[in-house]
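Below, chains carry the letters A, B, ... as their sequence lines are ordered, and counting in each starts from 1. Just so it is clear, the structure is predicted and the values come from calculations on it, not from any experiment.
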Protein chains: 2
Amino acid sequence: MADTFINNPSFFKLDATLKKLRNYWQKMFDSRQMDITVDQWLLVENLYKHKKTTHNELARNTSKDITTISRIIELLVKKGLVKREADTYDRRKIYLQLTPDGTEKYKAVKPLVHEMRKTGWKSLTEADYAELTRILDTIYNNIPTKV
Amino acid sequence: MADTFINNPSFFKLDATLKKLRNYWQKMFDSRQMDITVDQWLLVENLYKHKKTTHNELARNTSKDITTISRIIELLVKKGLVKREADTYDRRKIYLQLTPDGTEKYKAVKPLVHEMRKTGWKSLTEADYAELTRILDTIYNNIPTKV
DNA sequence: TAGCAACAGTTGTTATAGCAACTATTTTGC
DNA sequence: GCAAAATAGTTGCTATAACAACTGTTGCTA
């Protein structure tokens, strides 16, 4: 039978590619003693870019559940990479930002990440990137939020 | 800054799309009382197609870790959807196959899955599917297995 | 302004992901 | 033929994912 989007598990290839990427990143982090996981890195990168943010914003920016953010942040705080700061005006809110160690970590890991992105995209073009973006965005928007 | 594959998290969009797909599938399964998870479904589907297979083969076919397969199969056996059968010649091997209930489950869920694939792919063409496949395969093959 | 809804975040539970270490077999190499 | 290596699968552990239920705070409104 022909391999079409109907008979082929629609997210099987997505899943396989993502897993291989994630494993590659993690193994590279481990072999360079970066002492960080892929998802912890994603939060550190986001906190570096936004300087000061909340759990909710992080969740939106990273497509992660807020409970997942809560637990990853807990690990990052324990590692001394992130510090929490209560909002003066809204006592429900907690601002998160990198500590100096967190900023160091970002700078240590960043070049490796840059290299890995180039490796993954080797022999592909910016046009391919645009195609991938278009198709994934279309699928994303095709999916109902409510069932 | 322009959104290119270098500055944009290379798997962020993959991750976001896959999560939304997975959540959509799971919510549909739940709302139809299918009593199954997405990954359990993937194994059931694979077992339906291959009739009789081993943990190792399932792991290869689904891009899952063999430990993950082992645990999902344990749940499926408890649910009565899969049965284990020892190999007569190689006592390390265990063959897995759907029980009659497992086959029923496959037939009950299958039409829903078919619908969801159409929904996700709505307004996209087979050419788009080929493009997506080409790009993801290229990325997949770009990633070193050893670091 | 009292009561309630909405919001920010945490904790409990179950499932998937993957590494390391383990048991139990089978195959290989000398 | 026998020890070592390879193979099949399980178990322990830590991390991520997501739903439900919870605490505490703020905003809304009758």
Side-chain angles (χ1 to χ4, degrees), chain A residues 11-12 15-31 35-43 53-60 62-79 82 84-96 145 147, chain B residues 11 15-31 35-43 53-60 62-79 82 84-96 145-147:
Chain A
F11 57 68
F12 172 76
D15 190 45
T17 306
L18 189 57
K19 263 182 204 153
K20 195 163 175 192
L21 268 170
R22 188 179 290 275
N23 287 352
Y24 169 56
W25 281 45
Q26 190 62 58
K27 279 181 182 152
M28 291 287 275
F29 286 170
D30 291 348
S31 73
D35 187 33
I36 198 167
T37 68
V38 174
D39 295 282
Q40 286 167 19
W41 160 255
L42 293 177
L43 293 206
T53 184
T54 62
H55 291 71
N56 254 321
E57 284 182 68
L58 270 182
R60 276 195 299 274
T62 58
S63 274
K64 289 181 183 302
D65 195 88
I66 192 173
T67 61
T68 300
I69 297 290
S70 185
R71 281 165 173 127
I72 298 177
I73 288 295
E74 178 63 23
L75 293 174
L76 291 174
V77 168
K78 275 186 188 154
K79 280 184 175 174
V82 168
R84 299 188 178 103
E85 191 184 330
D87 184 309
T88 322
Y89 304 105
D90 186 339
R91 287 192 298 168
R92 291 171 305 183
K93 273 194 183 171
I94 301 169
Y95 286 113
L96 303 166
T145 303
V147 299
Chain B
F11 57 68
D15 189 46
T17 306
L18 189 57
K19 263 183 206 154
K20 195 163 176 192
L21 267 170
R22 187 180 292 274
N23 288 351
Y24 170 55
W25 281 45
Q26 190 62 57
K27 279 182 183 153
M28 290 287 274
F29 286 170
D30 291 349
S31 73
D35 187 32
I36 197 167
T37 68
V38 174
D39 295 283
Q40 287 166 20
W41 160 256
L42 294 176
L43 293 206
T53 182
T54 62
H55 291 71
N56 254 321
E57 284 182 69
L58 270 182
R60 276 194 300 274
T62 58
S63 275
K64 288 180 184 302
D65 195 89
I66 191 171
T67 61
T68 301
I69 298 290
S70 184
R71 283 165 172 125
I72 297 177
I73 289 296
E74 178 64 21
L75 293 175
L76 291 174
V77 168
K78 275 186 188 154
K79 281 185 175 173
V82 168
R84 301 186 177 102
E85 191 184 330
D87 184 309
T88 322
Y89 304 106
D90 185 341
R91 287 192 298 168
R92 293 169 305 182
K93 273 192 184 173
I94 301 169
Y95 286 113
L96 303 166
T145 304
K146 289 277 177 201
V147 300

Whole-Å distance between [N] [atom2] and [X] [atom1]?
X	N	atom1	atom2	value
B/F29	C/dT16	CZ	P	12 Å
A/W25	C/dG18	CH2	C1'	18 Å
B/D87	D/dT7	CG	P	17 Å
B/E74	D/dT10	CD	P	8 Å

If you round to the nearest 0.5 Å, how far is CD of A/E85 from CD1 of A/I94?
-> 11.0 Å
Roughly how far, to the nearest 0.5 Å, is CZ of B/R60 from CD1 of B/I69?
-> 11.0 Å
Estimated bend of the helix from C/dT1-D/dA30 to C/dC30-D/dG1 (axis per five terminal pairs, rounded to 10 degrees) | 10°
Identified side chain to side chain donor-acceptor pair (under 3.5 Å) partner of A/D65 from the options A/T62, A/T68, A/T67 = A/T67
Partner set under salt bridge (charged side-chain N to carboxylate O under 4.0 Å, His left out) for B/R91, not counting sequence neighbours | none
Partners meeting salt bridge (charged side-chain N to carboxylate O under 4.0 Å, His left out) with B/K19 (sequence neighbours left out) = B/D15
Go through the structure and list residues passing side-chain hydrogen bond (donor to acceptor under 3.5 Å, both in side chains) with B/S31, not counting sequence neighbours.
-> none
How would you label the contact of A/Y89 with the nucleic acid (heavy atoms, under 4.0 Å): base, sugar-phosphate, or nothing?
-> sugar-phosphate
Does a nitrogen or oxygen in the side chain of A/S70 sit under 4.0 Å from OP1 or OP2 of C/dT10?
-> yes
Once base and sugar-phosphate atoms are separated, protein heavy atoms under 4.0 Å mark nucleotides 13-23 of chain D, 5' to 3', with B, S and - as B--SBBBB---
Do nucleotides 2-8 of chain C as a string where each nucleotide becomes B, S or -: B if the base has a protein heavy atom under 4.0 Å, S if just the sugar-phosphate does, - if no protein is that close.
-> ----BBS
